[in-house]
Amino acid sequence: MTDDGRMRRVPVRLEGGRSYPIDVGPGVLSGLGAVARANLPAEARRVALVSNPRVFDLYGARAIASLRGAGFSVSHWLMSDGERFKTLRTAERCLRFLSESELERADAVAALGGGVVGDLAGFAAALYLRGVAFVQVPTTLLAQIDSSVGGKTGVNTRAGKNLVGAFHQPRAVVVDTETLRTLPARELTAGWCEAIKQGAVGDRRLFERTRKFLEEESRRKVACRIGTGRDGSRADVRGGGRDEGRGEGRDEELAELIAEQCAFKAKIVAGDEREDISRADARSRRVLNFGHTVGHALESLTGYRRFRHGEAVGHGMIAAAEISKRLGLLDGSELESLRGAVRAAGHLPAASDLDAGMVARALRADKKAVGGSVRWVLLERIGRARVVDGREVPARVIRESIRAALGAR
Ligand code: NAD
Ligand code: GLY
């Protein structure tokens, strides 16, 4: 990682000398044009910007001004906001926009928004002319530390989430941490759960740093007697409040932490770019699914309406850690440490009304199953994951763990 004043540059190093930068820092959106110029093909003339109305209203003008300032001709198109629009039909509309923008092989797509915009625009970029370059400009915490890095793009179908997609790596990722100031509190909590996950599966120091940051935010919030944030307007960086009273030092600390999170994700992706299904080791991309088995079951049982994805993962991580403890893999104190971190991330919607047996049945449909059996990502300790075949986890242990994690019936 290099640190250039207020900007950190994290490299993603892939096989075959392919490499791209993730630029992280407050205000780096104004450097988007220069980053695009430096990382897109020399012949690139046009950039087609994809966003949604909410994000475009906030940041579209700055993104376009920066791209134009670097000599690109820019067109833009806004998809509807929300997971339910991450579909093949929207991708087709996006492809039509790319065609109407007369994008050529050397030109590029830029995705400005959260994971929904990034996944959809990246997918369209992978398909258009059999693949044009694209740049990610993530504006949610989840997208900044996770979805914009690593080249997974795709859409949802009736059969499930992210079932159609392509691996298509961006040419650059521009993470302006100031954009988090306008993010609703729940979106921050969801992102922080994914951040906790990254430390928990592979980097104890990162986990501790994330936990401490969140606990400090929590203390600061109480000290400032800030409002409840129920209006979801401007969130503080933990989720659940407003951002009054946050100093520049905190902004720098946040940027530093996000850069470290990106560096962690970059390292995993570099070692297992396409999530090789034969791999189940502690450094495989598969370990990033920690908390997702129960998380997906919770999302699907509640019709994708009750939980943000990261919130469901928050509950799912505790369930997986409960299983780990019951199998004798994980010490109870480590489980408590994980619980503390998830609590510090913010309030999660309750899941105690759900029947543990129903959750256990729903998780059999996990699309990450291999050879018909669920692959559990469990913990040996904070910072070290272990992938365990579902056949080695007794049904009773699963039900008890879900009950303990969710306070469920
Ligand atoms: P999202 O894209 O739906 O964004 C959440 C909400 O925040 C939206 O309403 C959006 O308009 C709004 N928003 C975005 N940035 C904002 C800002 N700065 N200020 C105010 N509002 C803002 O949700 P998400 O959590 O970013 O992404 C979820 C998606 O990411 C899912 O589709 C999931 O499948 C995908 N995902 C992909 C990967 C991957 O590796 N490709 C990894 C994890 C998740
Ligand atoms: N979010 C999981 C992955 O990128 O592999």
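We count residues from 1, following the sequence as given. Whatever order the structure lists ligands and atoms in, that order sets their numbers, starting from 1. It should be emphasised that the depicted structure is a prediction, and the values quoted were computed from it without experimental measurement.
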| Any nitrogen or oxygen of Arg285, main chain or side chain, under 3.5 Å from a nitrogen or oxygen of ligand 2? |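 Yes - when backbone and side-chain N and O of Arg285 are compared with those of ligand 2, one distance drops under 3.5 Å.
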
Under 4.0 Å, heavy-atom basis, I'd like to know which part of [X] is in contact with ligand 1: side chain, backbone, both or neither.
{"X": "Thr182", "result": "both"}
{"X": "Asp81", "result": "side chain"}
{"X": "Glu83", "result": "side chain"}
{"X": "Leu180", "result": "neither"}
{"X": "Arg308", "result": "side chain"}
{"X": "Arg54", "result": "side chain"}
{"X": "Val55", "result": "side chain"}

Just need the protein heavy atom nearest to [atom], so name the residue and atom and give the distance.
{"atom": "atom 4 (O) of ligand 2", "result": "Lys265 NZ, 2.6 Å"}
{"atom": "atom 22 (C) of ligand 1", "result": "Leu183 CD1, 3.5 Å"}
{"atom": "atom 33 (C) of ligand 1", "result": "Lys86 NZ, 3.8 Å"}
{"atom": "atom 15 (N) of ligand 1", "result": "Thr139 OG1, 2.8 Å"}
{"atom": "atom 4 (O) of ligand 1", "result": "Thr140 CG2, 3.6 Å"}
{"atom": "atom 42 (C) of ligand 1", "result": "Ser147 CB, 3.4 Å"}
{"atom": "atom 3 (O) of ligand 1", "result": "Val116 CG2, 3.4 Å"}
{"atom": "atom 35 (C) of ligand 1", "result": "Asp119 OD2, 3.4 Å"}

| If you measure only the distance, is there a donor-acceptor pair under 3.5 Å linking the side chains of Asp272 and Ser284? |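 No - no donor-acceptor pair under 3.5 Å links their side chains.
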
When only distance counts, is [X] in polar contact with ligand 1, meaning an N/O pair under 3.5 Å?
{"X": "Asp146", "result": "no"}
{"X": "Gly115", "result": "yes"}
{"X": "Leu142", "result": "no"}

Lys/Arg-Asp/Glu bridge criterion (N-O < 4.0 Å) met for [X], [Y]:
{"X": "Arg62", "Y": "Asp176", "value": "yes"}
{"X": "Arg306", "Y": "Asp353", "value": "yes"}
{"X": "Glu334", "Y": "Arg381", "value": "no"}
{"X": "Glu83", "Y": "Arg308", "value": "no"}
{"X": "Asp203", "Y": "Arg209", "value": "no"}
{"X": "Glu208", "Y": "Arg205", "value": "no"}

| task | Quick one: sort the His315 and Phe307 rings into parallel, tilted or perpendicular, breaks at 30° and 60°. | result |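 Perpendicular: the ring planes of His315 and Phe307 meet at over 60°.
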
Just wondering, do [Y] and [X] contact through their side chains at under 4.5 Å, heavy atoms?
{"X": "Leu379", "Y": "Phe290", "value": "yes"}
{"X": "Arg285", "Y": "Arg279", "value": "no"}
{"X": "Glu253", "Y": "Glu216", "value": "no"}

| Gln144/Thr179 under side-chain hydrogen bond (donor to acceptor under 3.5 Å, both in side chains): CA gap, chis, key distance, verdict | CA-CA 10 Å; Gln144 294 186 350; Thr179 61; 3.2 Å; yes

| Any idea which of Met79, Gln144, Lys152 brings a heavy atom closest to atom 40 (O) of ligand 1? | Lys152

| atom 6 (C) of ligand 1: which of His309, Glu194, Glu187 has the nearest heavy atom? |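 Minimum heavy-atom distance to atom 6 (C) of ligand 1 goes to Glu187.
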
| request: May I ask you to identify, for Asp146, whether its side chain, its backbone, both or neither come under 4.0 Å of ligand 2 on a heavy-atom basis? | output: side chain

At less than 4.0 angstrom from any non-hydrogen atom of [X], what atoms of ligand 1 do you find?
{"X": "Asn162", "answer": "34 (O)"}
{"X": "Tyr59", "answer": "18 (N)"}
{"X": "Thr179", "answer": "17 (C), 18 (N)"}
{"X": "Gly114", "answer": "2 (O), 26 (O)"}
{"X": "Asn52", "answer": "10 (C), 11 (O)"}
{"X": "Leu58", "answer": "19 (N), 20 (C)"}

| request: Check the pair Arg93 / Glu100 against salt bridge (Lys or Arg N to Asp or Glu O under 4.0 Å), numbers first and verdict last. | output: CA-CA 10 Å; Arg93 291 196 179 128; Glu100 285 165 5; over 6 Å; no

| message | Show, in sequence, the C-alpha distance, side-chain angles and deciding distance for Thr182 and Tyr59, and conclude whether the side-chain hydrogen bond (donor to acceptor under 3.5 Å, both in side chains) test is met. | response | CA-CA 10 Å; Thr182 53; Tyr59 305 111; 2.6 Å; yes

| Among Gln198, Glu194, Glu256, which residue meets the side-chain hydrogen bond (donor to acceptor under 3.5 Å, both in side chains) test with Gln261? |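 Of all the options given, the one that passes is Gln198.
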
| said: I'd like to know if Glu194 contacts ligand 2, where contact means a heavy-atom distance under 4.0 Å to any ligand atom. | reply: no

| From Leu40 CG over to Asp107 CG, what is the distance, rounded to the nearest 0.5 angstrom? | 9.0 Å

| query | Minimum heavy-atom separation for Val47 to Ala110, with atom names? | reply |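 Reported closest heavy-atom pair: CG1-CB, 3.8 Å.
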
